[in-house]
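These numbers come from a predicted model, not from an experiment.
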Amino acid sequence: EVIDDVRSADVLLGVKEVPIGALVPDKKYFFFSHTIKKQPYNRDLLRAILAKNIELYDHEVITNEKEIRLVAFGRYAGIVGAYNGIRAFGMKNESFQLPKAQELSDQKELIAELKKIKLPNIKIVLSGKGRVSNGAKEMLDGMGLREVAVESYLSDTFEEAVYCQIDVLDYNKRSDGKVIDMYDFFDHPEAYESDFARFSKVSDIYIAGHFYAT
């Protein structure tokens with residue numbers, strides 16, 4: 001039942017952050033608060049939760065016995081993000097039109113619409129190897145695009161649209177020129193600098209699917 005007043009509920013389930021003014025005191029809330037990494041912009045939200053005696057269950061920290069997250073929407077972000085990126089390309093170049101993702105019921109319908117269009121021989125670079133990136137990869141594979149290796153992507157020309165999925169050491173390099181491994185990058189990010197320009201110079205579409213942290 002859709003109602004205007006939720007004060008009678010004991011537990012409130014949501015997805016995005018609840019506006020501070022809408023928080024009901026003394027309730028149990030499930031939502032992504034985006035506070036677990038000490039995000040400064042949501043500090044006031046966390047303070048309000050404490051002040052209103054709210055019991056918060058943050059989706060982000062619900063994990064199994066192996067500390068693997070059980071609630072995540074990254075794959076869907078990749079699916080819709082890839083679709084919207086290609087839709088925007090068509091709109092920008094006035095070469096094709098795709099319906100809004102919200103007008104379609106599921107991934108199959110999104111892919112069916114993508115298959116109706118003919119892309120020119122463009123290059124698409126997709127960063128990351130996690131949920132978001134792999135969701136986007138499902139869309140590119142679903143519409144029949146060919147995946148090519150990094151060196152081929154950077155140096156070759158193609159008669160068809162292609163894409164390349166890149167990982168951290170593809171678009172970052174050590175400032176001293178040494179080649180170690182991605183764990184060195186995770187442990188010593190200050191020793192690295194961006195090497196993404198070599199991809200942006202030859203790409204027509206960039207789909208960002210990597211994790212970013214300062």
Side-chain angles (χ1 to χ4, degrees), residues 37 69 72-101 104 107-108 110-214:
K37 299 183 181 73
R69 284 179 59 182
F73 297 101
R75 173 173 172 261
Y76 300 100
I79 288 171
V80 176
Y83 179 87
N84 283 343
I86 294 171
R87 179 173 181 264
F89 178 84
M91 295 171 66
K92 178 182 178 182
N93 295 281
E94 298 182 347
S95 53
F96 57 82
Q97 291 287 332
L98 288 169
K100 292 181 179 180
L104 305 171
Q107 185 186 22
K108 289 183 179 179
L110 293 174
I111 292 175
E113 290 296 329
L114 291 175
K115 284 184 173 181
K116 294 177 183 178
I117 64 173
K118 175 65 176 177
L119 290 176
N121 60 330
I122 62 173
K123 290 183 175 181
I124 302 173
V125 61
L126 168 62
S127 61
K129 290 293 180 75
R131 292 186 183 93
V132 175
S133 183
N134 289 332
K137 186 178 189 303
E138 289 180 29
M139 301 301 288
L140 301 179
D141 291 338
M143 66 184 298
L145 297 189
R146 179 157 68 98
E147 182 178 8
V148 297
V150 168
E151 295 308 319
S152 179
Y153 182 89
L154 293 172
S155 60
D156 297 342
T157 57
F158 303 90
E159 296 182 356
E160 62 186 308
V162 299
Y163 79 93
C164 180
Q165 186 179 21
I166 59 177
D167 209 349
V168 290
L169 294 188
D170 295 318
Y171 56 89
N172 291 287
K173 62 181 179 180
R174 277 189 65 109
S175 302
D176 58 13
K178 294 180 180 178
V179 178
I180 304 181
D181 56 35
M182 64 178 181
Y183 299 104
D184 179 66
F185 171 76
F186 296 150
D187 293 336
H188 306 286
E190 72 283 352
Y192 287 76
E193 60 188 45
S194 174
D195 197 23
F196 182 73
R198 61 183 186 146
F199 291 96
S200 61
K201 289 176 181 177
V202 300
S203 298
D204 301 282
I205 297 177
Y206 169 41
I207 301 174
H210 65 283
F211 172 77
Y212 173 81
T214 57

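A salt bridge is defined here as a Lys NZ or Arg NE, NH1 or NH2 lying under 4.0 Å from an Asp or Glu carboxylate O, and Glu113 with Arg87 fails to meet this definition.
At a threshold of 4.5 Å between non-hydrogen side-chain atoms, the residues Ile117 and Ile86 count as touching. Counting heavy atoms from C-beta outward, Val168 and Asp170 have side chains that stay 4.5 Å or more apart. Side-chain atoms of Arg75 and Glu138, non-hydrogen and from C-beta on, do get closer than 4.5 Å to each other. Counting only heavy atoms from C-beta outward, the side chains of Lys137 and Glu147 approach each other to under 4.5 Å. The side-chain heavy atoms of Val125 and Tyr171, taken from C-beta on, include no pair separated by under 4.5 Å. For the pair Leu154 and Phe199, the minimum side-chain heavy-atom distance is below 4.5 Å. Contact of the Ser203 side chain with the Phe196 side chain is not registered, since no non-hydrogen atoms from C-beta on lie closer than 4.5 Å. By the 4.5 Å heavy-atom criterion applied to side chains, Asp141 and Tyr163 are counted as neighbours.
Around atom CD of Glu94, no more than 12 heavy atoms belonging to other residues, nucleotides or ligands sit under 6.0 Å away.
In this structure, a donor-acceptor pair under 3.5 Å is present between the side chains of Asn134 and Gln165.
Considering every non-hydrogen atom in both Ala161 and Pro120, the closest pair reads CB-O, 3.3 Å. Considering every non-hydrogen atom in both Ala101 and Asn84, the closest pair reads CB-OD1, 4.0 Å. The shortest heavy-atom contact between Asn172 and Ser194 is OD1-CA, 3.9 Å. Between Leu169 and Met182, the shortest heavy-atom contact is CD1-N, 3.4 Å. Across every non-hydrogen atom of Ile79 and Gln107, the tightest pair is CD1-NE2, 3.6 Å. Smallest separation of non-hydrogen atoms from Ala208 and Ser127: CA-OG, 3.5 Å.
Interatomic distance, CD of Glu190 versus OG of Ser175, reported as 9.5 Å (0.5 Å rounding). Once rounded to the nearest 0.5 Å, the distance linking CE of Met91 with CD of Gln97 reads 6.0 Å.
Side-chain atoms of Ser152 do not come within 3.5 Å of backbone N or O of Val148 as any donor-acceptor pair. In terms of modelled atom types and a separation under 3.5 Å, the side chain of Ser133 and the main chain of Gly209 share no donor-acceptor contact.
A tilted orientation is assigned to the rings of Phe89 and Phe96, their planes being inclined by 30° to 60°.
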Test side chain to side chain contact (heavy atoms under 4.5 Å, CB included) applied to Leu126 and Ile166, step by step = CA-CA 6 Å; Leu126 168 62; Ile166 59 177; over 6 Å; no
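A side chain to side chain donor-acceptor pair (under 3.5 Å) check over residues 176-185, counting only residues at least two apart or in different chains, returns the pairs Arg174-Asp176, Arg174-Asp184, Asp184-Tyr192.
Under the ring-ring contact (aromatic ring centres under 6.0 Å, His included) criterion, Phe73 pairs with Phe32, not counting sequence neighbours. Taking Lys123 as the reference, Tyr153, Phe158, Val162, Val202, Asp204 meet the side chain to side chain contact (heavy atoms under 4.5 Å, CB included) condition, with sequence neighbours excluded.
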